[in-house]
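Worksheet for the structure shown next.
Computed from a predicted structure; not experimentally measured.
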Amino acid sequence: ICGDGEDLQEYFEDGEVAKMYLNFSDPWPKSRHAKRRLTYKTYLDMYKVISNGEIEFKTDNRELFEFSLMSLNENNFSFLDLTFDLHQREEDIITTEYEDKFSAKGNPIYFVRTKYKGD
């Protein structure tokens with residue numbers, strides 16, 4: 001799909017998506033752009049509708065990761081798995097080309113797997 005993330009509900013029926021994968025999203029570093037981050041409340045609300053509420057999120061941006069943890073917590077998501085350095089684990093990890101390049105330089109990859117708790 002070549003489209004805007006704000007329009008996901010136009011592409012997917014309620015509950016159609018098994019899990020959301022947010023890999024290396026644009027961090028939108030300026031505070032005034034927080035509403036554009038894919039872990040902002042309006043996006044999380046949409047993910048709850050089109051999926052079963054499970055999200056896997058990876059980023060190389062510490063500030064975005066911290067923002068996302070706060071946002072997920074404030075929006076009733078539980079943390080199923082969380083690490084501040086995914087590539088230090090002793091397990092096979094599916095990676096992106098960008099992730100491989102960034103990690104090869106010794107930079108950490110932040111990761112969280114969450115599930116919506118319900119209202």
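Transitive grouping of hydrophobic side chains (ILVMFWY, heavy atoms separated by less than 4.5 Å) brings Phe12 and Tyr43 into a common cluster. A continuous path of ILVMFWY side-chain contacts below 4.5 Å connects Leu64 to Leu38, so both sit in one hydrophobic cluster.
Between the CE atom in Met20 and the OG atom in Ser51 there is a gap of 6.0 Å [rounded to 0.5 Å]. To the nearest 0.5 Å, the span separating CG on Asn73 from NZ on Lys117 amounts to 6.5 Å. Distance check: Phe57 CZ to Leu69 CG gives 8.0 Å after rounding to the nearest 0.5 Å.
Pairs passing the side chain to side chain donor-acceptor pair (under 3.5 Å) check and including a residue from residues 56-69, sequence neighbours excluded, read Lys19-Glu56, Thr39-Ser68, Lys58-Glu99, Asp60-Tyr98, Arg62-Glu66. Evaluation of the side chain to side chain donor-acceptor pair (under 3.5 Å) test over residues 4-13, restricted to residues two or more places apart or in two chains, returns none. Sorted by first and then second residue, the side chain to side chain donor-acceptor pair (under 3.5 Å) pairs involving residues 22-38 (not counting sequence neighbours) form an empty list.
Using a 4.5 Å cut-off on side-chain heavy atoms (C-beta onward), Leu8 and Tyr47 make contact.
In this structure Lys105 satisfies the side-chain contact (heavy atoms from CB on, under 4.5 Å) test together with Asn107, sequence neighbours excluded. Residues passing the salt bridge (Lys or Arg N to Asp or Glu O under 4.0 Å) test with Glu74: none are found, sequence neighbours excluded. Applying the side-chain contact (heavy atoms from CB on, under 4.5 Å) rule to Asp81 yields the partners Arg89, Phe111, Arg113; only residues at least two apart in sequence or on another chain are considered. Annotation: ring-ring contact (aromatic ring centres under 6.0 Å, His included) contacts of Tyr40 (sequence neighbours excluded): none. Here Asp85 pairs with nothing under the salt bridge (Lys or Arg N to Asp or Glu O under 4.0 Å) rule; sequence neighbours left out. Remark: Thr114 engages Ile55, Leu72, Phe77, Phe79, Val112 in a side-chain contact (heavy atoms from CB on, under 4.5 Å) (not counting sequence neighbours). For Asp100, the side-chain contact (heavy atoms from CB on, under 4.5 Å) partners at least two apart in sequence or on another chain are Thr95.
Other residues sharing the hydrophobic cluster of Met70, ordered by chain and number and joined by side-chain separations under 4.5 Å: none, the residue standing alone. Other members of a hydrophobic cluster containing Tyr21 are absent, since no ILVMFWY side chain comes under 4.5 Å of it, directly or through relayed contacts.
Between Ser71 and Lys41, the closest heavy-atom pair is OG-N, 4.0 Å. The heavy-atom pair separating Phe65 from Thr83 by the smallest distance is CZ-O, 3.9 Å. Taking each heavy atom of Ile109 and His87 in turn, the nearest pair found is CG1-CD2, 3.2 Å.
Ring planes of Phe84 and Tyr110: perpendicular class, angle over 60° (limits at 30 and 60°).
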